[in-house]
Amino acid sequence: MKKNDSIELKIEDMGVDGEGIGKYEGMTFFVKDAVIGDTIRAGITKLKKNYGYARVQEILEPSPYRVKPECPLYARCGGCQIQAMDYRQQLCYKQKKVRGNLIRIGGFAPELIDSVMEEIVGMEQPYRYRNKAQFPIGADRDGMPVAGFYAARTHNIIPVEDCKLGVTQNEQILGVVLSYMRENGVRSYDETTGRGLVRHVLIRYGFTSKELMVCLVINRETLPQEKKLVDALCKIEGMTSISVNINRKNTNVILGEETRTVWGSDYITDQIHLRDCDHDFALTDTAIAYHISPQSFYQVNPVQTEKLYSLALSYAGLTGRETVWDLYCGIGTISLFLAQKAGKVYGVEIVPQAIEDARSNAALNGITNASFFVGKAEEVLPEFYEKESRKPDADMLHPDVIVVDPPRKGCDEKCLETMLRMKPERIVYVSCDPATLARDLKILCGGGYELRKVRPVDQFGHTTHVETVCLLSN
Ligand code: SAH
């Protein structure tokens, strides 16, 4: 067996990045764009000792789970990895991915996982679910501006104005921006030279409020003929906020620090509504409104977010008296729902602007029992603990519930250690990466907690990402 050989493979599994996995003469092969159940002819691209990589040359027998992707650019764009797989099978894949991580990385017994794990909460409409899109702007061969997405593992832009995961308004907005650029000779930013003006177009849509936000990320203070752009954009139904964000750095980070509103409001408003009729786990019927500015973190799938938060809230098991910490709280999205059901909520978040939003969102909803701290969870929590433990009554040392919702890298060890010292009755872990979730649960369970419930929620259909909510208690 050598590189470039053609082999026949039956795809029997799928890896964490959505790649197909098959065996040939005892070797394991990883094949991008192959679907579990496919029989393919594959060309070997790389060989290691026990495994190798191959690419699909021909699908000899398509998998029963193979479907026609909605997006014609699916195979080239790096955004969706598993769009060619039936949505129900995507859910099975994600359920299995979470289970596998908990067993392999978390060290939990398969029987335990099977007894605590509930079925993944899927989407009813797995397309057009995103409320946010960030399109990089580049140039075609003639130097004309194009908007699109990066090809997998590159910074080459594939023109896509209508991403099937996003709202249809994106295409209309990009159309306006690109014709403004063409008509006024406004050039796209070039990463390699650092020249040109427009870097990204950020669009947000409030699914409940129907409000639209457009933010152009630019490499200078101002846009030429700004008024012409604004006049065209503000005619679009729902347009509420138009801004520019200034980013002059040679960096992959999309937004710079400074944002200037050029038309309308500094933010859009949206509502998250938890209903008690839809799901077995929702205990409540309540809505919270949020102001969302261009820089704020806000869950991208509002329909699934309602289910995610309902689940987190039901795992928290609040009766109205509890003290609750919400670590990694963003703009206070979960904190404010918790506050409606608890005695007191403390939110911690590293981004100062998000904490400003969290405070104004509390006021917007008339919530007075939530306080917010700016800082790293792994610093704020231990400092609070040390200070409290020196007080004679120290009644704040042991909260009833701690909720964590960290970014993909998971919780810092110092944060987990402090949580263990604080001994809350329940811990609710909301995770967007099952590998770091498993690593952190191992530490918490090593410190005396037991895993009671695990439920994945699909927030990101057609991608390999999966969200998970877990309940631990002692
Ligand atoms: N719970 C929120 C936000 C979750 S995203 C929601 O559902 O909307 C994770 C958040 O953690 C982000 O807002 C990010 O800014 C914040 N963050 C990242 N590292 C952090 C740290 N070390 N300490 C506190 N917050 C952090």
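Whatever order the structure lists them in is the order used to number ligands and atoms, beginning at 1. On a predicted model such as this, the values are computed, not experimentally measured, just so you know.
Scanning the protein for heavy atoms near atom 13 (O) of ligand 1, the closest one is Glu349 OE1, 2.7 Å. Nearest non-hydrogen protein atom to atom 7 (O) of ligand 1 is Tyr309 OH, 2.6 Å. The closest protein non-hydrogen atom to atom 22 (N) of ligand 1 is Glu378 OE1, 3.1 Å. Ranking the protein heavy atoms by distance from atom 18 (C) of ligand 1 puts Pro407 CG, 3.6 Å first. Looking at atom 9 (C) of ligand 1, its nearest protein heavy atom turns out to be Asp405 O, 3.3 Å. Looking only at heavy atoms of the protein, atom 21 (C) of ligand 1 is closest to Tyr328 CE2, 3.6 Å. With respect to atom 23 (N) of ligand 1, the closest heavy atom belonging to the protein is Ala377 N, 2.9 Å.
The part of Thr333 lying near ligand 1 is the side chain, judged by heavy-atom distances below 4.0 Å. In Cys415, neither the side chain nor the backbone holds a heavy atom less than 4.0 Å from any atom of ligand 1. Counting heavy atoms under 4.0 Å from ligand 1, residue Ile350 touches it through both backbone and side chain.
Taking CD of Gln169 as the start and OH of Tyr205 as the end, the distance is 5.0 Å to the nearest 0.5 Å. Atoms CE and OG1, from Met117 and Thr468 in turn, are 7.0 Å apart once rounded to the nearest 0.5 Å. Remark: Leu308 CG to Leu313 CG distance equals 11.0 Å, nearest 0.5 Å. Here the OH atom belonging to Tyr429 is positioned 14.5 Å from the CG atom belonging to Leu471, to the nearest 0.5 angstrom.
Remark: Arg128 CZ is packed, more than 12 non-hydrogen atoms of other residues, nucleotides or ligands lying under 6.0 Å away. Annotation for Gln134: atom CD counts as buried by contact number, over 12 foreign heavy atoms lying within 6.0 Å.
Taking the six-membered ring for Trp and the full ring otherwise, His200 and Tyr189 have centroids separated by 6.0 Å or more.
Those atoms of ligand 1 with a heavy atom of Val351 less than 4.0 angstrom away are 15 (O). Contact atoms of ligand 1 toward Gly330: 3 (C), 13 (O) (distance under 4.0 Å to a heavy atom of the residue). Each of the atoms 6 (C), 7 (O) of ligand 1 lies under 4.0 Å from some heavy atom of Gln299.
Between Lys409 and ligand 1, no pair of N/O atoms sits closer than 3.5 Å.
Taking the six-membered ring for Trp and thresholds of 30 and 60 degrees, Phe373 and Trp325 have nearly parallel ring planes, at less than 30 degrees apart.
Residues Gln295 and Thr259 have side chains that bring a donor and an acceptor to within less than 3.5 angstrom of each other.
Within the cation-pi definition used here (under 6.0 Å to the ring centroid, within 45° of the axis), Lys344 qualifies as a partner of Tyr346.
The shell of residues lying under 4.0 angstrom from ligand 1, judged by heavy atoms, includes Cys329. Ligand 1 lies less than 4.0 angstrom from a heavy atom belonging to Gly375.
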